[in-house]
Amino acid sequence: MTRSIRFCPHCGEPSLQPVSDKSWRCASCEFLWYQNTAAAVAAIIVQADDVLLAVRAGAPQAGKLDLPGGFVDNDESAEQSLLRELDEELGLRGVEPHYLCSFPNTYPYAGIDYKTLDLIYWIELPRRPHLRAADDVAAVRWLPVDAVPLEEVAFDSVRRALGYFRAHRKGLRTA
Ligand SMILES: [Zn+2]
C-alpha cells in the first residue's frame with residue numbers, strides 16, 4: 001500500500017488514514033478519497049516470429065524490457081490511447097490493433113504505487129517498419145517470441161501477457 005499519501009485533497013490537513021487498499025478517510029473533515037485502478041494499454045507487435053520490445057527510458061525500471069503503451073488519458077478510448085502511444089513512442093501509424101487480454105499491474109512512481117489494469121492488444125505487421133524510439137522508449141529490440149528473456153521484462157503484467165500470447169498465438173485471427 002502507498003504510505004506517502006497523507007494530505008487531504010479537500011481540507012489540506014495531513015489527516016488521511018487508510019480505510020482499504022484504495023481509499024483513505026480524512027480524520028479532520030471526514031472526506032473519503034479513492035485511488036481507483038487506472039487503465040493502461042500495451043501492444044504485442046509481431047513480425048514473422050519476432051516480437052517488438054521497448055527498452056524503458058525512465059523510471060520505474062529504466063533499461064528493462066517493456067511493451068510499447070502507456071496510461072489511458074481522460075476521455076480516451078483504449079484503442080485511441082494505444083494508437084496515440086504507438087505514434088508518440090515509435091512513430092508507428094496505420095496499424096490495426098486486436099484486443100488480446102488484460103492483466104493487473106503495480107506501477108511504482110515517485111513513492112506511490114499506482115494500480116493499473118493493463119489492456120493488451122496484438123498487432124501483426126507484414127514487414128519490419130522503420131521505427132523512431134522516443135518519449136518513454138530508449139530503444140527498440142526485436143526478439144523471437146519464444147525467446148524473450150522474461151527476467152529482463154519490467155512488469156508482471158507484461159510477463160503474463162507475453163506468456164498468454166505464446167500460449168494462444170496459434171488460435172489468433174486478424175479478421
Ligand atoms: Zn480533510
Side-chain angles (χ1 to χ4, degrees), residues 1-45 52-93 95 97-123 132-140 150-165:
M1 182 190 294
T2 299
R3 297 173 194 278
S4 58
I5 294 176
R6 294 191 297 125
F7 289 92
C8 173
H10 185 66
C11 73
E13 292 295 319
S15 306
L16 288 185
Q17 305 288 339
V19 176
S20 71
D21 62 359
K22 65 167 192 177
S23 61
W24 289 256
R25 185 182 296 281
C26 176
S28 296
C29 76
E30 299 291 309
F31 182 72
L32 192 56
W33 184 68
Y34 290 92
Q35 187 185 45
N36 290 308
T37 295
V41 290
I44 294 176
I45 301 173
L52 185 152
L53 278 300
V55 179
R56 293 184 56 79
Q61 302 272 32
K64 291 275 197 166
L65 299 177
D66 198 358
L67 292 172
F71 285 95
V72 176
D73 280 345
N74 292 346
D75 303 318
E76 239 182 2
S77 73
E79 291 78 12
Q80 287 171 332
S81 173
L82 186 66
L83 293 176
R84 174 181 53 73
E85 291 284 351
L86 293 177
D87 188 18
E88 289 174 359
E89 295 186 338
L90 304 172
L92 181 63
R93 298 179 183 179
V95 294
H98 306 275
Y99 180 74
L100 182 67
C101 60
S102 67
F103 289 106
N105 194 34
T106 301
Y107 190 91
Y109 187 76
I112 293 178
D113 283 348
Y114 292 93
K115 292 294 185 178
T116 70
L117 179 64
D118 296 356
L119 309 175
I120 312 295
Y121 290 77
W122 68 284
I123 295 167
R132 166 190 51 75
D135 200 38
D136 301 331
V137 176
V140 163
L150 295 181
E151 70 279 5
E152 292 181 34
V153 171
F155 299 111
D156 186 52
S157 59
V158 173
R159 276 188 289 274
R160 294 171 74 183
L162 289 168
Y164 184 98
F165 182 74

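Whatever order the structure lists ligands and atoms in, that order sets their numbers, starting from 1. Position 1 is the first residue of the sequence; numbering continues from there.
In this structure the side chain of L53 never reaches within 4.5 angstrom of the side chain of E152, judged on heavy atoms. Taking the side chain as every heavy atom from C-beta outward, Y121 and E79 approach each other to under 4.5 Å. You'll find the side chain of S81 stays beyond 4.5 Å of the side chain of D73, heavy atoms only.
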Report all side-chain donor-acceptor pairs from residues 56-68 shorter than 3.5 Å, counting only partners two or more places apart or in another chain.
unit_1, atom_1, unit_2, atom_2, d
R56, NE, P60, O, 2.6
R56, NH1, D66, OD2, 2.8
R56, NH2, P60, O, 3.0
R56, NH2, Y107, OH, 3.2
Q61, NE2, A154, O, 3.0
K64, NZ, E151, O, 3.3

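The count of protein N, O or S atoms under 2.8 Å from the Zn ion (ligand 1) stands at 4, with waters excluded from the count.
Using a distance-only test at 3.5 Å, with no hydrogens or angles considered, no donor-acceptor pair links the side chain of E13 to the main chain of C8.
Using the six-membered ring where Trp is involved, W33 and W24 have ring planes that are tilted, between 30° and 60° apart.
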